[in-house]
Amino acid sequence: MKKITIAIDGFSSTGKSTLAKQLAKELEYIYVDTGAMYRAVTLYAMENGMVTEKGIDKEALIAALDDIELKFVFNPNVGFAEMYLNGKNVEKQIRSLEVSRNVSPISEVREVRSKLVALQQEMGKEKGIVMDGRDIGTVVFPDAELKVFMTASPEKRAVRRYKELLDRGEDVNYEDILENVQKRDYIDSHREVSPLTKAKDAIEFDNSDLGLVQQFERIYEHALRIINN
Ligand code: DC
């Protein structure tokens, strides 16, 4: 069967990763969460004193980029690949609100993006991949056969994120999360390098009111049509 590249982009907490994981499972494709890679670099910067109240130490981060090794390792117990930073499983830490607060300025750094985009292109060179992020259909794989752009209202997304963090036992409040969602939307779509934009040939999905099953079925059918063509 023909293998394709599936690019899923959109704002934070629009259900990109849920959809991408399901598609990858059903098609037996590799799934790559590129947000996890930006989050892991952010964690590295936080752990190494490069994030202070005054902002990020961009020069130190750029100088340290070669020391940051990122790897996805499949965990059969959860059914997806987890993020490893310099050999350590950081899957839980990278999802904290603290990392979410610092990730946008880190992902604005041109050199960080170049490193991660090159890694992502390497992972997808054999196709048979579902990748989610902000610039997959525009920068990483502009030739992807299927591009999906997901949106949902900031309030709906903040509720989803709030529930996720609560389930993980974090002490969070809804207003903080809504503020973080809105701030990240702004930075992600206004940054100079690879801002979040919908690729011209992407299918747009507003899933504010669409159930997850419905959403998956529509996009899966679409993928099968392309694969069988
Ligand atoms: O998808 P996420 O919320 O886990 O992503 C975390 C941050 O990483 C997000 O605020 C923007 C950044 N990001 C990016 O700039 N480019 C990507 N391809 C993926 C994520």
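When a ligand or atom number is given, it counts from 1 through the structure's own listing order. Numbering of residues begins at 1 and proceeds along the displayed sequence.
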Peer 1: Is there a heavy atom of R191 sitting under 4.0 angstrom from any atom of ligand 1?
Peer 2: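 R191 counts as a contact of ligand 1 under the 4.0 Å cut-off.
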Peer 1: May I ask you to list the atoms of ligand 1 that are less than 4.0 angstrom from any heavy atom of S104?
Peer 2: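 Those atoms are 10 (O).
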Peer 1: D135 vs K198, test: salt bridge (charged side-chain N to carboxylate O under 4.0 Å, His left out). Steps then yes/no.
Peer 2: CA-CA 9 Å; D135 58 345; K198 176 178 166 294; over 6 Å; no
Peer 1: Is there any N or O on R134 that sits under 3.5 Å from an N or O of ligand 1?
Peer 2: yes
Peer 1: Between CZ of R157 and CG of D185, what distance do you get to the nearest 0.5 Å?
Peer 2: 4.0 Å
Peer 1: Does any N or O atom in R113 lie less than 3.5 angstrom from one in ligand 1, N or O only?
Peer 2: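 N/O-N/O distance below 3.5 Å exists for this pair.
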Peer 1: Which atoms of ligand 1 sit under 4.0 Å from any heavy atom of R39?
Peer 2: 2 (P), 3 (O), 4 (O), 6 (C)
Peer 1: Under the ring pair (Phe, Tyr, Trp, His ring centres under 6.0 Å) rule, what pairs show up with a residue in residues 159-193, not counting sequence neighbours?
Peer 2: Y186-H190
Peer 1: Using side-chain heavy atoms (C-beta onward) and a distance below 4.5 Å, is R39 in contact with S100?
Peer 2: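 The answer is yes, as the side chains (C-beta and beyond) meet within the 4.5 Å cut-off.
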Peer 1: Using heavy-atom distances only, which candidate in S107, P195, A7 approaches atom 12 (C) of ligand 1 most closely?
Peer 2: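 Going through S107, P195, A7 one by one, S107 has the nearest heavy atom to atom 12 (C) of ligand 1.
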Peer 1: Kindly give the cluster partners of F149, where membership spreads through any ILVMFWY side chain lying under 4.5 Å from a current member.
Peer 2: F11, L196
Peer 1: Quick one: look at K183 and ligand 1, take heavy-atom pairs under 4.0 Å, and tell me if it's side chain, backbone, both or neither.
Peer 2: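 For K183, there is no contact with ligand 1 at all, from either part.
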Peer 1: Does D132, backbone or side chain, put an N or O under 3.5 Å from an N or O of ligand 1?
Peer 2: no
Peer 1: Does V109 share a hydrophobic cluster with L65, counting links as ILVMFWY side-chain heavy atoms below 4.5 Å and allowing steps through other members?
Peer 2: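 Both belong to a single hydrophobic cluster.
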Peer 1: Any N/O of Y38 closer than 3.5 Å to an N/O of ligand 1?
Peer 2: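 No, Y38 has no N/O under 3.5 Å of an N/O on ligand 1.
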Peer 1: Should Q215 and E217 be marked as a side chain to side chain contact (heavy atoms under 4.5 Å, CB included) after you check the CA-CA gap, both sets of side-chain angles, and the distance that decides it?
Peer 2: CA-CA 6 Å; Q215 162 186 293; E217 280 171 359; over 6 Å; no
Peer 1: List the closest protein heavy-atom neighbour of atom 10 (O) of ligand 1: residue, atom name, distance to the nearest 0.1 Å.
Peer 2: R184 NH1, 3.0 Å
Peer 1: Looking only at protein heavy atoms, which one is nearest to atom 18 (N) of ligand 1, and how far off is it?
Peer 2: D135 OD1, 2.8 Å
Peer 1: Quick check: are there more than 12 heavy atoms from other residues, nucleotides or ligands sitting under 6.0 Å from CZ of R168?
Peer 2: yes
Peer 1: How far is atom 19 (C) of ligand 1 from its nearest protein heavy atom, and which residue and atom is that?
Peer 2: T34 OG1, 3.3 Å
